[in-house]
Amino acid sequence: MTMSTAPVGAAPVRLPHTWRPLFGRLIGLCAVVVVLTGAALLAIAIHGPDVHLADRVGIGLLGLPVAAVLLMLARPRLTADVDGLTVVNLIRTRRVDWTQIVGVDLAETQSWASLDLADGTALPVLALQTADGARYRRAVAELRALVAAAADAPSSKP
């Protein structure tokens, strides 16, 4: 496979290349800031004769697990390299060789794209979210061009 390929009207994609969602990542990171700031401010602002240091620390620490869950919203990414794709979703990471990918589903009615795999299954790609609009469509076009280039490339494996 060549090191770059371009969908119609788009700049070439150089490998390795990583796609990340814009909207979901932005919302996740902003929510983390709000939760941690809110927990800290609440821990500072709470007062009274029955409020002890342990209570304040507990309230402040309560924001940490909530922030950790929100950070998972910012985790998804898709990385393409010469050998294939690495799909990082909320919890799982999966490596897929180019030969395993049959196509890319644009998922107009879904919230994200998915990869159609040779074994008949579909792999959701949360890094390509429809909420990103034109950015999403461009990323899917770039990914489709890479999949097509990989399918057209002569196999170097026996």
Side-chain angles (χ1 to χ4, degrees), residues 1-41 60-158:
M1 182 168 69
T2 60
M3 289 305 287
S4 68
T5 144
V8 177
V13 175
R14 294 211 163 274
L15 298 179
H17 185 79
T18 300
W19 294 273
R20 289 184 172 89
L22 178 64
F23 187 70
R25 189 174 179 86
L26 183 64
I27 293 297
L29 293 175
C30 288
V32 166
V33 170
V34 167
V35 165
L36 291 178
T37 303
L41 290 175
L61 291 177
L62 188 61
L64 292 178
V66 175
V69 170
L70 291 169
L71 278 175
M72 287 193 325
L73 293 175
R75 186 173 187 260
R77 72 177 178 277
L78 174 66
T79 302
D81 59 35
V82 185
D83 297 321
L85 296 173
T86 302
V87 180
V88 179
N89 286 331
L90 297 179
I91 297 173
R92 294 188 176 195
T93 299
R94 183 162 173 198
R95 178 76 185 164
V96 182
D97 291 335
W98 289 114
T99 57
Q100 295 176 280
I101 304 169
V102 175
V104 181
D105 185 8
L106 188 55
E108 291 292 333
T109 60
Q110 300 295 319
S111 296
W112 47 77
S114 63
L115 298 175
D116 296 325
L117 302 179
D119 65 2
T121 62
L123 175 61
V125 181
L126 275 62
L128 303 178
Q129 297 181 1
T130 57
D132 289 339
R135 188 174 192 266
Y136 163 77
R137 289 186 294 280
R138 183 179 65 249
V140 169
E142 292 167 348
L143 183 56
R144 282 181 173 165
L146 287 172
V147 169
D152 293 342
S155 177
S156 60
K157 297 178 183 176

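Please read all numbers here as calculations on a predicted model, not as lab measurements.
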Interatomic spacing from [atom1] in [X] to [atom2] in [Y] - rounded to 0.5 Å:
{"X": "E142", "Y": "L128", "atom1": "CD", "atom2": "CG", "value": "9.5 Å"}
{"X": "L73", "Y": "L90", "atom1": "CG", "atom2": "CG", "value": "6.5 Å"}
{"X": "L78", "Y": "T18", "atom1": "CG", "atom2": "OG1", "value": "8.0 Å"}
{"X": "L115", "Y": "L143", "atom1": "CG", "atom2": "CG", "value": "6.0 Å"}
{"X": "R144", "Y": "R137", "atom1": "CZ", "atom2": "CZ", "value": "12.0 Å"}

Worksheet item: Would D132 and R25 count as a salt bridge (charged side-chain N to carboxylate O under 4.0 Å, His left out) if you check the C-alpha gap in whole Å, the side-chain angles of each, and the deciding distance to 0.1 Å?
Response: CA-CA 11 Å; D132 289 339; R25 189 174 179 86; over 6 Å; no
Worksheet item: Is there a donor-acceptor contact under 3.5 Å linking the side chains of T99 and D97?
Response: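 No.
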Worksheet item: Is the closest side-chain donor-acceptor distance between S111 and T130 under 3.5 Å?
Response: no
Counting distance only, does the side-chain N/O of [X] pair as donor-acceptor with the main-chain N or O of [Y] below 3.5 Å?
{"X": "T37", "Y": "V33", "result": "yes"}
{"X": "W112", "Y": "A131", "result": "no"}
{"X": "D105", "Y": "D116", "result": "no"}

Worksheet item: If we only count heavy atoms from C-beta on, is the R95 to D83 side-chain gap below 4.5 Å?
Response: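 Contact flag for R95/D83 side chains = yes.
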